[in-house]
There are 2 protein chains.
Amino acid sequence: MDEVSTPLVPEATVARLPVYLRGLVDLASDGVETVSSEQLAAVAGVNAENVRKDLSILGSYGKRGVGYEVDFLIEQIKRVLGAGDPVSVVIVGAGNLGRALAYYGGFASGGFPIKGLVDSSPEIIGQEVAGITVEPFEELKDVVQKNSCTLGIIATPAAAAQSVADQLINAGIYSILNFAPGLVTVPESVTLRKVDLATELHILAFHEQQRERNE
Amino acid sequence: MDEVSTPLVPEATVARLPVYLRGLVDLASDGVETVSSEQLAAVAGVNAENVRKDLSILGSYGKRGVGYEVDFLIEQIKRVLGAGDPVSVVIVGAGNLGRALAYYGGFASGGFPIKGLVDSSPEIIGQEVAGITVEPFEELKDVVQKNSCTLGIIATPAAAAQSVADQLINAGIYSILNFAPGLVTVPESVTLRKVDLATELHILAFHEQQRERNE
DNA sequence: AGATGTTTGTGAACGTGAGAAGAAGGATCG
DNA sequence: CGATCCTTCTTCTCACGTTCACAAACATCT
Ligand SMILES: NC(=O)c1ccc[n+]([C@@H]2O[C@H](COP(=O)([O-])OP(=O)(O)OC[C@H]3O[C@@H](n4cnc5c(N)ncnc54)[C@H](O)[C@@H]3O)[C@@H](O)[C@H]2O)c1
Ligand SMILES: NC(=O)c1ccc[n+]([C@@H]2O[C@H](COP(=O)([O-])OP(=O)(O)OC[C@H]3O[C@@H](n4cnc5c(N)ncnc54)[C@H](O)[C@@H]3O)[C@@H](O)[C@H]2O)c1
């Protein structure tokens with residue numbers, strides 16, 4: 001019995017909404033107040049029909065003959081994505097990648113402040129990284145609760161990834177982004193997404209080969 | 001008129017082959033010589049029917065009643081993916097992310113050695129990062145040619161991404177991995193893939209919200 | 001106020017990929 | 001040597017997403 005039920009958003013649409021959001025924020029900072037599906041498609045790198053179909057799923061927020069109101073649309077997309085308020089993030093593993101992520105300012109400004117940083121190495125624990133003190137891995141649950149973290153990032157070696165995921169879930173985190181290669185399994189109630197850079201390079205190498213073959 | 005034509009590999013299959021490859025390499029290092037689709041599916045995190053369908057596209061390399069020969073399959077997947085020989089990579093932008101990537105040893109051991117590192121900041125040029133000297137951005141073409149780089153990684157701020165992509169293409173690179181947010185357009189002859197971490201977080205936040213709504 | 005042009009919203013066709021089921025080939029055991 | 005079991009390979013069906021086409025709504029110009 002939800003009141004403002006967002007009917008059912010296809011996964012492909014969910015993946016595009018953040019791209020629209022970024023384009024809209026850019027437009028807004030340029031002082032643009034109204035945007036057509038054609039314009040938004042141009043800045044998002046997709047075609048206009050797709051934009052319209054995606055936006056129509058959120059509701060009929062456009063004015064025919066005019067377009068969409070930028071500020072209003074930003075609010076609606078944020079609402080649907082669950083990014084109305086800042087979402088706090090905890091990073092596990094303060095190595096090369098974990099530090100790079102922590103130092104990156106784009107997450108905080110995009111509504112995803114890094115609030116916790118934990119590691120298992122005694123040499124790293126206690127270090128200050130991007131204004132955050134690295135806490136021991138054992139304190140994960142405490143760190144999560146104190147900072148109300150709802151998203152977790154795994155930036156540890158692959159060998160530790162599964163146990164880190166288990167501990168994140170144990171700490172009350174149900175949304176995980178994993179950078180470690182290899183298989184990590186989680187209960188159905190948990191959303192785990194994987195950023196697999198090695199796979200990305202392989203896919204590029206495949207297309208590179210296809211290109212060379214057609215010459 | 002290709003001799004050993006690989007008929008036509010669906011994009012979805014191309015994206016899974018690297019995952020199989022990683023699993024197979026792990027199995028091989030454990031001394032496993034033969035693997036069934038069921039076993040491979042388990043380590044890859046997909047279902048067995050999918051594995052069989054993917055592998056059957058490469059050719060009928062399995063023995064019914066037995067399974068697939070691990071070493072042979074590794075070679076075939078590498079061949080199809082174009083990863084038989086090492087593929088050299090150049091990184092543009094030696095900031096937080098560029099350094100983390102350069103220091104990461106998993107790329108080189110996976111067949112993608114980082115061979116070049118360029119930046120535009122005078123303070124960073126000349127620095128040694130992971131055994132590589134950071135060269136000026138203007139020397140990009142030289143760096144690419146001297147090291148026979150075929151893959152390029154963009155790790156610069158978003159504002160510079162488009163011009164970096166243009167210069168990479170100018171230097172003879174047709175396969176690009178972009179970490180910068182925002183739109184980058186390239187000719188059709190170029191393959192550009194994007195790693196969009198902000199989008200990943202947004203997608204996780206969406207599912208997190210869905211979860212909270214059903215409570 | 002009417003005509004015209006613009007832009008959204010949606011229904012239908014098309015293509016791709018996933019899953020299920022059955023046929024075929026090979027091994028193993030009696 | 002024959003029967004049974006196992007696993008690959010292939011075909012079919014269904015769901016999803018994208019693209020195309022068109023109608024409805026709004027603004028603007030005369
Ligand atoms: N650095 C990259 O550019 C890059 C690229 C692709 C993939 N990855 C993957 O990301 C992960 C991290 O890479 P990295 O380069 O930062 O590695 P790293 O070795 O620099 O850092 C890993 C950190 O995790 C910590 N750690 C180890 N086990 C832990 C545990 N059980 N709990 C908490 N912390 C633990 C270590 O102390 C270390 O500080 C790896 O799985 C790697 O394969 C990294
Ligand atoms: N660091 C992260 O974890 C992270 C996460 C998500 C996205 N990103 C994106 O990755 C990119 C890099 O992030 P970062 O944290 O490494 O930034 P950074 O500022 O630390 O590094 C950027 C580097 O690029 C160099 N540079 C700028 N313009 C250049 C040009 N025209 N040619 C060559 N080099 C140039 C700068 O000198 C700097 O060294 C950014 O677009 C960022 O949005 C980073």
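Only heavy atoms go into these numbers, but all of them, side chains included; no hydrogens, no water, no symmetry mates.
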Q: Please report the distance, rounded to the nearest Å, between CD in E69(A) and C1' in dA27(D).
A: 16 Å
Q: Stepwise, does the side chain to side chain donor-acceptor pair (under 3.5 Å) test hold for S175(A) with E208(B)?
A: CA-CA 6 Å; S175(A) 299; E208(B) 182 71 24; 2.6 Å; yes
Q: Just how far, in rounded Å, is P of dT8(D) from OH of Y20(B)?
A: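 That distance rounds to 12 Å.
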Q: Going by number, which of residues 21-32 of chain A have a non-hydrogen atom under 4.0 Å from DNA chain C?
A: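 The stretch gives none, as no residue of it lies under 4.0 Å from the strand.
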Q: Could you check which residues of residues 42-54 of chain B get a heavy atom under 4.0 Å from DNA chain C? Sort them by number, please.
A: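 DNA chain C contact set from residues 42-54 of chain B: N47(B), N50(B), K53(B).
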Q: How would you label the contact of E38(B) with the nucleic acid (heavy atoms, under 4.0 Å): base, sugar-phosphate, or nothing?
A: nothing
Q: In whole angstroms, how far is the P atom of dT8(D) from the CG atom of L55(B)?
A: 9 Å
Q: When all nucleic acid strands are considered with a 4.0 Å heavy-atom cut-off, which category describes S37(B): base, sugar-phosphate, or nothing?
A: sugar-phosphate
Q: For L58(B) and dC9(D), what is the distance between atoms CG and P respectively, to the nearest whole Å?
A: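 Taking CG of L58(B) and P of dC9(D), I get 10 Å after rounding.
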Q: Going 5' to 3' along nucleotides 25-30 of chain C, which nucleotides have protein heavy atoms under 4.0 Å from the base (write B), which only from the sugar-phosphate (write S), and which from neither (write -)?
A: BSS---
Q: According to a strict under-4.0 Å criterion, is Y68(A) in side-chain N/O contact with OP1 or OP2 of dC26(D)?
A: no
Q: Starting at OH of Y61(A) and ending at C1' of dA25(D), how long is that distance when rounded to a whole Å?
A: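 Taking atom C1' of dA25(D) as the reference, OH of Y61(A) is at 19 Å.
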